[in-house]
Engineer: 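Below is one structure. I have some questions about it.
Protein chains get the first letters and strands the later ones, always in sequence-line order, with residue 1 at the start of each.
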Amino acid sequence: MPTPISFLSDFGLQDEFVGVVKGVLYRISPASVVIDITHQVPPGGVRPGALALSRAIQYLPPGVVLAVVDPGVGTSRRPLAVATEFGYFVGPDNGLLSPAVAMVGGASAVHEITNPEVMIPGPGSTFDGRDVFAPAAGLLAAGEAQLSDLGPEVDLSSLIPMLLPLPRVEPPLVLGEAWWVDVFGNVETNVGPEELELVGLRPGDQLVVRVGASTHQGRWVRAYGDVADGELAVHVDSAGLIALAVGGTRADEDLALTTGMAVAFGSLSSPA
Amino acid sequence: MPTPISFLSDFGLQDEFVGVVKGVLYRISPASVVIDITHQVPPGGVRPGALALSRAIQYLPPGVVLAVVDPGVGTSRRPLAVATEFGYFVGPDNGLLSPAVAMVGGASAVHEITNPEVMIPGPGSTFDGRDVFAPAAGLLAAGEAQLSDLGPEVDLSSLIPMLLPLPRVEPPLVLGEAWWVDVFGNVETNVGPEELELVGLRPGDQLVVRVGASTHQGRWVRAYGDVADGELAVHVDSAGLIALAVGGTRADEDLALTTGMAVAFGSLSSPA
Amino acid sequence: MPTPISFLSDFGLQDEFVGVVKGVLYRISPASVVIDITHQVPPGGVRPGALALSRAIQYLPPGVVLAVVDPGVGTSRRPLAVATEFGYFVGPDNGLLSPAVAMVGGASAVHEITNPEVMIPGPGSTFDGRDVFAPAAGLLAAGEAQLSDLGPEVDLSSLIPMLLPLPRVEPPLVLGEAWWVDVFGNVETNVGPEELELVGLRPGDQLVVRVGASTHQGRWVRAYGDVADGELAVHVDSAGLIALAVGGTRADEDLALTTGMAVAFGSLSSPA
């Protein structure tokens, strides 16, 4: 089987950027199926891109991952190709790849892409997705290049990490943060069910959710449909994290919640 | 030839949902081409999703259809796999599949997907598209499962239908409804040309179109370009239904028309 | 290898139009990979569509290009299939194809698609993308039709050109125009670096940029990251044209610039 290429970016779908990158990939590795993870990462949003990639990675086929959210394009940030047990990750060294690489067991080798012979000599220095990353990904997928053909090996520990906020368990509360709002308005937090259990909460429980200065009462349920319209549903989402939904409407709007805001959980009796 | 999979959802393209489902499909049936029908059905919009699927179905390649607009995910609504002469339809039992299944000649067998061995044991109960529907669609496309492997057969007549409003011919008027506004602002109604002919209208005629409390004069034309700027074009659209366009602008905005609003048609002499 | 089909349109991704066209292509040429260039050309935007196609063409694989931005659908504008050294271009005769055809060396033959046997007899006259252009593109890609099967040859010189504004060098100024704003808010002009050099500007120079009635100071840099937040970066973009970016924000918003507005460049000492 040819090697598939999974592709994530912040290029959007309005311009021809994604199509151009796919054209480059096809010209180098025509038998590779390209799976679009998403191209609507917020422009320059390295952290949301890293989170999306890490949520997706375990469902993608082993092969090559091409990820480009690259506000530092054209500067000294390094273009990298990373070997893992899953396959190769190709993208900028800005933390974008790190959580997904960690999820598949870490890097076994990291090379900086410096060889001009594996790049497309395009005008400008603003589209490394096309000129640097896509050719590298295509060559690796086609088996026409080894990591060492792309450029020198660099120290594994020099890979820029993605620092993600951890929830804090301070009984009777769990203090976390909203870190993703999906298309349906559901709000994922960085809190896991195990943290809620550490403060005595159990599935089925009523609980208190504090968002900024407001306090809401919700219920730990299994599915969106388990709450009435307007009721706050606290649930384990498809990534295994505690998320907020509201029956019949968008939770982000109902709770005035955006990515990065603090969210605390506690029992009804806690002084939330 | 491998079996293609046509895929429709309300997942949007901002999050990684569509990419994750395609990853699952690829891992199970790598040779299947996946055709995206659309993923921007309005969130939870079962009826617009059903209409889009029924408009598309006759142009799609026979094979597997995966359709997920599923506001009841995680509740007792049944996940289904439906056999037809076209191939298999996989999706929730909420009316989404019914019009398209009817258009290809109806179901020959319906099975509820209940076998945990054909599901992905993911966290949460909010992403059956990934955990239940995609594996079923992939296994059917790959020929690695029969319907009976997915779960028990259920009664054909238990399939939830999609109730669609019919136009009413009440001479001198035809009373219908707007049921789709496309990206260009063209408004499709549930009225067919045969209904207009029942009240004496013919292609080329001037006619009266009543939208809510306002009355507009238009002309039954063949193409958008047949009317002047600002003129109302009544035409048979690409699905064979009577639709409204306005020369040089968006009909939905010009007529203040949204999906679900009443639209009536009559001749110039009718008391519209 | 099967022939790939690169596909550009203004159909958007909200409706099922793109999926339907791909269904038609698959039914005719199932082995052809379809590369989506973009489907979010502004509705009816023949010129932005032509520019996007011409920016993309050199990165796409030789084969068939299907391009549909077709405000005149159903009128007397001609549906065309154009032979070039790159392969076939299929689309409406409204200037959409012309710049890309020119970039690949021009047309060797142009045929009007008139043969009803190569069309899908769909209802209405509003979706030639599905009924006329997709079948022609699919048949050419599958090798099941020659140009002469589609309809009569027409005169090469009858192809409608796309008139694009040229920049004017009027020392000490270069007078140009904004002609594309990308998803990041970067503004491409129709000015090339060679024009700036004609008025004495060099990479690294400070320069003056006049937008409408306002004058801004900027610097000719290599990469976005070479300027501080709020600073105006003048650079050669990925298509080889002079473009404007602003550190840390969107240039289009910061400069109140939209497509079609006049942009002038000069040295700091020029009376800009």
Engineer: By a 4.5 Å heavy-atom criterion (distance strictly below it), what part of C:Ile35 contacts chain A: side chain, backbone, both, or neither?
Structural biologist: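 The answer is the side chain of C:Ile35.
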
Engineer: Provide the closest heavy-atom pair for A:Gly74 versus C:Arg222 in the form atom of the first, atom of the second, distance.
Structural biologist: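 Looking at all heavy atoms of both residues, the shortest contact is O-NH1, 3.2 Å.
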
Engineer: Could you go through the side-chain contact (heavy atoms from CB on, under 4.5 Å) check for A:Asp15 and C:Phe184 one step at a time?
Structural biologist: CA-CA 10 Å; A:Asp15 304 310; C:Phe184 302 103; 5.9 Å; no

Engineer: Please look at C:Leu13 and chain A and tell me whether the side chain, the backbone, both or neither of the residue comes under 4.5 angstrom of a heavy atom of that chain.
Structural biologist: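 For C:Leu13, the side chain is the part near chain A, not the backbone.
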
Engineer: As an exercise: rank C:Ala223, C:Pro2, C:Pro61, C:Ser6 by heavy-atom pairs under 4.5 Å with chain A and give me the winner.
Structural biologist: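 Counting heavy-atom pairs under 4.5 Å, the top option is C:Pro61.
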
Engineer: Below 4.5 Å from any heavy atom of chain A, which atoms of C:Ala245 appear? Answer side chain, backbone, both or neither.
Structural biologist: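 When you check distances to chain A, no heavy atom of C:Ala245 falls under 4.5 Å.
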
Engineer: Can you tell me which of A:Gly124, A:Ala134, A:Pro123 forms the most heavy-atom pairs within a distance under 4.5 Å of chain C?
Structural biologist: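 Highest number of pairs under 4.5 Å: A:Pro123.
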
Engineer: With rounding to the nearest 0.5 Å, note down the distance linking CG in C:Asp182 to CD in A:Gln14.
Structural biologist: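 Those atoms lie 9.0 Å apart.
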
Engineer: At a 4.5 Å cut-off on heavy atoms, which part of A:Ile120 comes close to chain C: side chain, backbone, both, or neither?
Structural biologist: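 Side chain of A:Ile120 only, per the 4.5 Å heavy-atom cut-off to chain C.
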
Engineer: Relative to chain A, which of C:Asp237, C:Leu241, C:Asp36 shows the most heavy atom pairs under 4.5 Å?
Structural biologist: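 Most pairs with chain A among the choices: C:Asp237.
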
Engineer: Would you mind reporting whether A:Phe127 and C:Tyr59 have side-chain heavy atoms less than 4.5 Å apart?
Structural biologist: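 No - every pair of side-chain heavy atoms lies 4.5 Å or more apart.
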
Engineer: Could you have a look at A:Gly23, A:Ser76, A:Gly44 and say which one has the most heavy-atom pairs with chain C under 4.5 angstrom?
Structural biologist: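 Winner by heavy-atom pair count: A:Gly23.
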
Engineer: Quick one: what part of C:Val34 sits under 4.5 Å from any heavy atom of chain A, side chain, backbone, both or neither?
Structural biologist: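 When you check distances to chain A, no heavy atom of C:Val34 falls under 4.5 Å.
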
Engineer: Please lay out, stage by stage, how C:Tyr224 and A:Thr126 fare under the test side-chain contact (heavy atoms from CB on, under 4.5 Å).
Structural biologist: CA-CA 7 Å; C:Tyr224 303 131; A:Thr126 60; 3.4 Å; yes

Engineer: If you tally heavy-atom pairs under 4.5 Å against chain C, which of A:Arg77, A:Arg130, A:Lys22 wins?
Structural biologist: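 Of the candidates given, the most pairs with chain C belong to A:Arg130.
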
Engineer: How long is the gap from OG1 on C:Thr38 to CD on A:Glu16, to the nearest 0.5 Å?
Structural biologist: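 So the gap between those two atoms works out to 7.5 Å.
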
